[in-house]
Amino acid sequence: MQRFAFLLWTLLFCLAFSTCIARQAPWVMRISCGARLNVHTAPTNTLWYKDFAYTGGIPANATRPSYISPPLKTLRYFPLSSGPNNCYNINRVPKGHYTVRVFFGLDGHRNFDNEPLFDISIEGTQIYSLKSGWTNHDDQVFTEALVFLTDGTASICFHSTGHGDPAILSIEILQMEDRAYYFGPAWVQGIILRTAARLSCGNGKPKFDVDYSGDHWGGDRFWSPIKTFGQGSDLARSTESGIKKASNAPNYYPEALYQTALVSTDTQPDLAYTMDVDPNRNYSIWLHFAEIDSSVTAAGKRVFDILINGDVAFEDIDIVKMSGDRYTALVLNTTVTVSGRTLTIGLHPKKGSHAIINAVEVFEILTAESKTVLEEVRALQSLKSALSLPLRFGWNGDPCVPQEHPWNGADCHFDKTSSKWFIDGLSLDNQGLRGFLPNDISRLRHLQNINLSDNSIRGVVPPSIGTIPGLVVLDLSYNSFNGSIPESLGQLTSLRRLNLNGNSLSGRVPAALGGRLLHGASFNFTDNAGLCGIPGLRTCGPHLSAGEKIGIAFGTSVAFLLMVICSMCWWKRRQNILRAQQIAGKGFHDKLRYTYMI
């Protein structure tokens, strides 16, 4: 009875303080690119969703460039004919902090460069450029970044560089703790951490967190094995003992990560790892330690300094003292600026003759690009649809970022006050455009120049153009515009050049535009047979509005119809009168004949 009461009390305590309630699972999206059905892969039975309605491109059979790539059979590639920018747009992504990982693929069944080189961006920020020879390096068959997604969507774009067609094997979006990899005051939601290296020291096999039975909130990190930093410079150590304080929030490292290590030797007491990096960048470095060497039994037995490119980053590191015990995890983080092309992490023993390290993580710190004003992005998307813009333009993603790959035909300007990009010009002349010009063009409030000349755009000139306050140049020449010139164009006080020649416009040129010619503006209305009202064009008759013209046409039609009806009525009446006269005349003659016979 007492035992039952104790268990009941324990259960109530757990429910009250939520210590026994399982945590909510992180949000996860894995896409098998090009797949028509959901896929489960061995040995972990991982679910990959089918690739449906996220993007364009062409599905194809896949060749895995590395044994660490997911065992998937399809990919999606983007030929140049589909445009230079192609994006996966994933909706309904909960607001949060995510690992975004992209594996690249090879399509061995087509005659094209089997090693395509292209750029990758996430949320408008370019994070990676594939380098020649990437298929020969396991750690280059994917790219990965830690990013905040805050607007309910994820945009992952691939940008052609003229070296083969981008080919994507898989995309993963894996939720992490919001404060995962917090590295100090400079860490804000506008920061992206691109994984430059992630090493498991002393380990001989590549592993993901799931292979380590790691916590799902860790983001299923991939750990490259490194058996040695240099021939004869170190020795591998391992243990089967449990490691304390390993899988703690917010990073949730797998315990097994700390069960292997590299230890320096008598002949070379310093440990040093060197990697290639991009110059003039900031890097966040995370170093992992656990004292698993049985020869070190207490604090003070092993003390060393940590140097980054020769500068002391951490002094007098005593793992046992700082972690609290042997077989206990210790994580150190620092941020450095690297001006050259290499990054060297060195460990120099001060007490004891050897240094030890279990794992290394290096992230490039990127500042997220400011995006284009959302209303203007939507206006351009409306314009893209209305004008039937060819796929080769690649109007996908953000128009202005990444800055290395802006949209063709859209001119961008950065507003420092709002920290937003906006569109100040459209240069789409002689591009074979069809369709019509939508009213939504007026939502591009910052336009100064519009050049849509030498296309086949039809329909009316939308009056809403007259509400774009700073418009200086409007060139719609040599299209198929019809109807009248909107009066609202006369409200464009900044307009200095207006070319409407070579269309099918009609009616009177607005008086406000005609007056502007006296002030040095350059307007061209020629080759529009129906236009009138300014020097160089025919003289207009009485000016009638469109409504008045419709009214006159309607009235004329009604009058003509009445005339036809009246004429028919008169004709029928005339016929009836003649018929009656004929009948009456015949009756009279018959009567005379009868009288005569009597």
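What you are looking at is a predicted structure, and each value in this text was computed from that prediction instead of being measured.
If you check the side chains of His159 and Ser121, you find a donor sitting under 3.5 Å from an acceptor. Judged by distance alone, the side chains of Asp398 and Thr372 do bring a donor and an acceptor atom under 3.5 Å apart. Residues Glu376 and His446 have side chains that bring a donor and an acceptor to within less than 3.5 angstrom of each other. In summary, the side chains of Thr55 and Asn89 do not present any donor paired with an acceptor at a separation below 3.5 Å, with no hydrogens or angles considered. No hydrogens or angles considered: a donor-acceptor pair under 3.5 Å links the side chains of Asn282 and Thr337. Tyr181 and Glu361 form a side-chain donor-acceptor contact under 3.5 Å, judged by distance and modelled atom types alone. Tyr478 and Asn499 share no donor-acceptor pair across their side chains, judged by distance under 3.5 Å alone. Residues Ser464 and Asn439 have side chains that bring a donor and an acceptor to within less than 3.5 angstrom of each other.
Residues Arg92 and Trp27 come closest through the heavy atom pair O-CZ2, 3.9 Å. Residues Asp165 and Pro116 come closest through the heavy atom pair O-CB, 3.2 Å. Summarising the geometry of Thr161 relative to Leu117, their closest heavy-atom pair is OG1-O, 2.7 Å, with the distance given to 0.1 Å. In terms of heavy atoms, Ile127 sits closest to Ala145 at CD1-CB, 4.0 Å. Thr74 approaches Ala35 most closely through the heavy-atom pair OG1-N, 3.2 Å. Here the closest non-hydrogen pair linking Ile171 and Trp48 is O-CZ3, 4.4 Å.
With Gln175 contributing its side chain and Trp217 its backbone, the two residues share no donor-acceptor pair below 3.5 Å. Ser385 places no side-chain N or O within 3.5 Å of a backbone atom of Ser382 that could act as its donor or acceptor partner. With hydrogens and angles ignored, the 3.5 Å screen pairs a side-chain donor or acceptor of Glu115 with a backbone N or O of Gly133.
Few gaps surround CG on Leu47; more than 12 heavy atoms of other groups in view lie less than 6.0 Å from it. More than 12 heavy atoms of other shown residues, nucleotides or ligands fall within 6.0 angstrom of atom CZ in Arg392. Taking a 6.0 Å sphere around OH of Tyr49, one finds it holds 12 or fewer heavy atoms contributed by other residues, nucleotides or ligands. Few gaps surround NZ on Lys131; more than 12 heavy atoms of other groups in view lie less than 6.0 Å from it. Within 6.0 Å of the CZ atom in Arg434, the count of heavy atoms belonging to other residues, nucleotides or ligands does not exceed 12.
The pair Asp220-Arg30 counts as a salt bridge, with a side-chain nitrogen and a carboxylate oxygen less than 4.0 angstrom apart. A salt bridge does not link Arg497 to Asp475: none of the charged side-chain nitrogens sits closer than 4.0 Å to a carboxylate oxygen. Look at Glu123 and Lys371 and you find a salt bridge, because one of the NZ, NE, NH1 or NH2 atoms lies within 4.0 Å of a carboxylate O, short of that distance.
The side-chain contact (heavy atoms from CB on, under 4.5 Å) search around Pro185 returns Tyr182, not counting sequence neighbours.
Between Phe142 and Phe103, the two ring planes are tilted [angle within 30° to 60°]. Below 30°, between 30° and 60°, or above 60°: for Phe118 and Phe158 the angle between ring planes is above 60°, a perpendicular geometry. Classified by interplanar angle (parallel below 30°, tilted 30° to 60°, perpendicular above 60°), the ring pair Phe104/Trp134 is perpendicular.
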**OP:** Decide side chain to side chain contact (heavy atoms under 4.5 Å, CB included) for Leu513 and Ile485; before the verdict, give the C-alpha distance in whole Å, the side-chain angles of both, and the deciding distance to 0.1 Å.
**Re:** CA-CA 10 Å; Leu513 290 177; Ile485 298 175; 4.0 Å; yes
**OP:** Under the salt bridge (charged side-chain N to carboxylate O under 4.0 Å, His left out) rule, what do Arg341 and Asp278 come out as? Steps first, then yes or no, please.
**Re:** CA-CA 6 Å; Arg341 294 186 174 276; Asp278 292 326; 5.2 Å; no
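Residues Asp119 and Pro166 fail the side-chain proximity criterion, which asks for heavy atoms closer than 4.5 Å.
Screening residues 404-449 for disulfide bond (SG atoms under 2.5 Å apart), with sequence neighbours left out, gives Cys400-Cys412.
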